[in-house]
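Working notes for the structure below.
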Amino acid sequence: MEPLEPMRPVSVTEDTHTSTPIWKSAPVTLGTVGVFAYALMSTRTGVVEVALGAVIAIAGAALYFISVMRTIRENSDSRVPLLGTPPVSPRDVDLLAGAGMPLIMGGSLLAIRAAGWTWPYLYLGLLAVIMVAAYVLPVVMHNRRLRKRTHRSRTP
């Protein structure tokens, strides 16, 4: 038997992602809980409250969308599953997603309650539409682009 060749040194990039510090996550958590509590306890109705709820829901959807786009960017060469964790997810807690989802729920709840609607399926429907727009569509588009790119590279 021949002796094995010595291994070459391998350089691995250092993980630059760290957990979100408590001084950032605590105010965000308190703020989102405050918005959701206001949405639950508010008895005000009118155009101003409906607009406030819509703005809060849109801001939450934007934050959540930015979080999804960051995940897609980190997984640019691999498929992102709709259910489950993506292959590359170095953050323990994504602060944007942690703030975006409660703001989506609280804002849409505030808008529906301020409009005077009492049907719960309207809230669930609005929430589902915002969720599809903020999460499902970007992931499906990413996976479709990735499939087309890998399919083109396989064909001679």
Side-chain angles (χ1 to χ4, degrees), residues 10-42 49-115 117-156:
V10 177
S11 65
V12 178
T13 59
E14 186 177 331
D15 185 18
T16 58
H17 298 290
T18 58
S19 295
T20 304
I22 193 74
W23 65 270
K24 285 183 180 179
S25 59
V28 168
T29 302
L30 290 174
T32 56
V33 167
V35 167
F36 200 78
Y38 178 75
L40 283 175
M41 294 187 295
S42 176
E49 292 291 316
V50 172
L52 178 64
V55 166
I56 291 171
I58 290 169
L63 290 174
Y64 198 76
F65 179 77
I66 292 169
S67 170
V68 170
M69 293 309 292
R70 183 188 308 175
T71 302
I72 288 173
R73 186 174 52 246
E74 289 172 356
N75 294 284
S76 62
D77 293 335
S78 59
R79 187 177 178 279
V80 176
L82 283 175
L83 299 173
T85 57
V88 178
S89 182
R91 293 177 308 278
D92 290 338
V93 175
D94 190 358
L95 193 60
L96 295 172
M101 188 53 59
L103 289 178
I104 291 171
M105 295 188 314
S108 58
L109 179 65
L110 179 63
I112 286 177
R113 288 191 57 173
W117 296 334
T118 57
W119 304 311
Y121 62 85
L122 284 176
Y123 172 69
L124 295 175
L126 181 61
L127 193 61
V129 167
I130 293 172
M131 287 297 303
V132 167
Y135 180 71
V136 175
L137 288 178
V139 170
V140 167
M141 289 172 54
H142 165 74
N143 291 341
R144 180 173 282 164
R145 258 187 257 131
L146 187 66
R147 186 176 54 206
K148 285 180 182 179
R149 187 171 50 193
T150 57
H151 180 67
R152 270 191 242 133
S153 65
R154 288 183 193 166
T155 56

Sidechain-backbone polar pair: [X] side chain, [Y] backbone, donor-acceptor under 3.5 Å:
{"X": "Asn143", "Y": "Pro81", "value": "no"}
{"X": "His142", "Y": "Asn75", "value": "yes"}
{"X": "Arg113", "Y": "Ser42", "value": "yes"}

Distance-only check: which donor-acceptor pairs under 3.5 Å involve side-chain atoms of residues 21-39, not counting sequence neighbours?
{"residue": "Ser25", "atom": "OG", "partner": "Pro21", "partner atom": "O", "Å": "3.4"}
{"residue": "Thr29", "atom": "OG1", "partner": "Ser25", "partner atom": "O", "Å": "2.8"}
{"residue": "Thr32", "atom": "OG1", "partner": "Val28", "partner atom": "O", "Å": "3.0"}
{"residue": "Thr32", "atom": "OG1", "partner": "Thr29", "partner atom": "O", "Å": "3.0"}
{"residue": "Tyr38", "atom": "OH", "partner": "Glu49", "partner atom": "OE1", "Å": "3.1"}
{"residue": "Tyr38", "atom": "OH", "partner": "Glu49", "partner atom": "OE2", "Å": "3.3"}

Search all heavy atoms of [X] against all heavy atoms of [Y] and return the closest pair with its distance.
{"X": "Val88", "Y": "Glu74", "answer": "O-OE1, 3.7 Å"}
{"X": "Pro138", "Y": "Phe65", "answer": "CG-CE1, 3.4 Å"}
{"X": "Ala54", "Y": "Ala111", "answer": "N-CB, 4.1 Å"}
{"X": "Pro86", "Y": "Val80", "answer": "CB-CG1, 4.3 Å"}
{"X": "Val68", "Y": "Ala134", "answer": "CG2-O, 3.8 Å"}
{"X": "Gly100", "Y": "Leu63", "answer": "CA-CB, 4.0 Å"}

Could you tell me if the side chain of Tyr64 sits less than 4.5 Å from the side chain of Ile104, heavy atoms only?
yes
Contact between Met69 and Ile72 at the side-chain level, heavy atoms closer than 4.5 Å - yes or no?
yes
Does a sphere of radius 6.0 Å around OH in Tyr135 hold more than 12 heavy atoms from other residues, nucleotides or ligands, not counting ones at 6.0 Å or beyond?
yes
Distance, nearest 0.5 Å, that separates OG of Ser78 from CG of Leu146:
7.0 Å
Output the distance between atom CE (Met101) and atom CG (Leu127), rounded to the nearest 0.5 Å.
7.5 Å
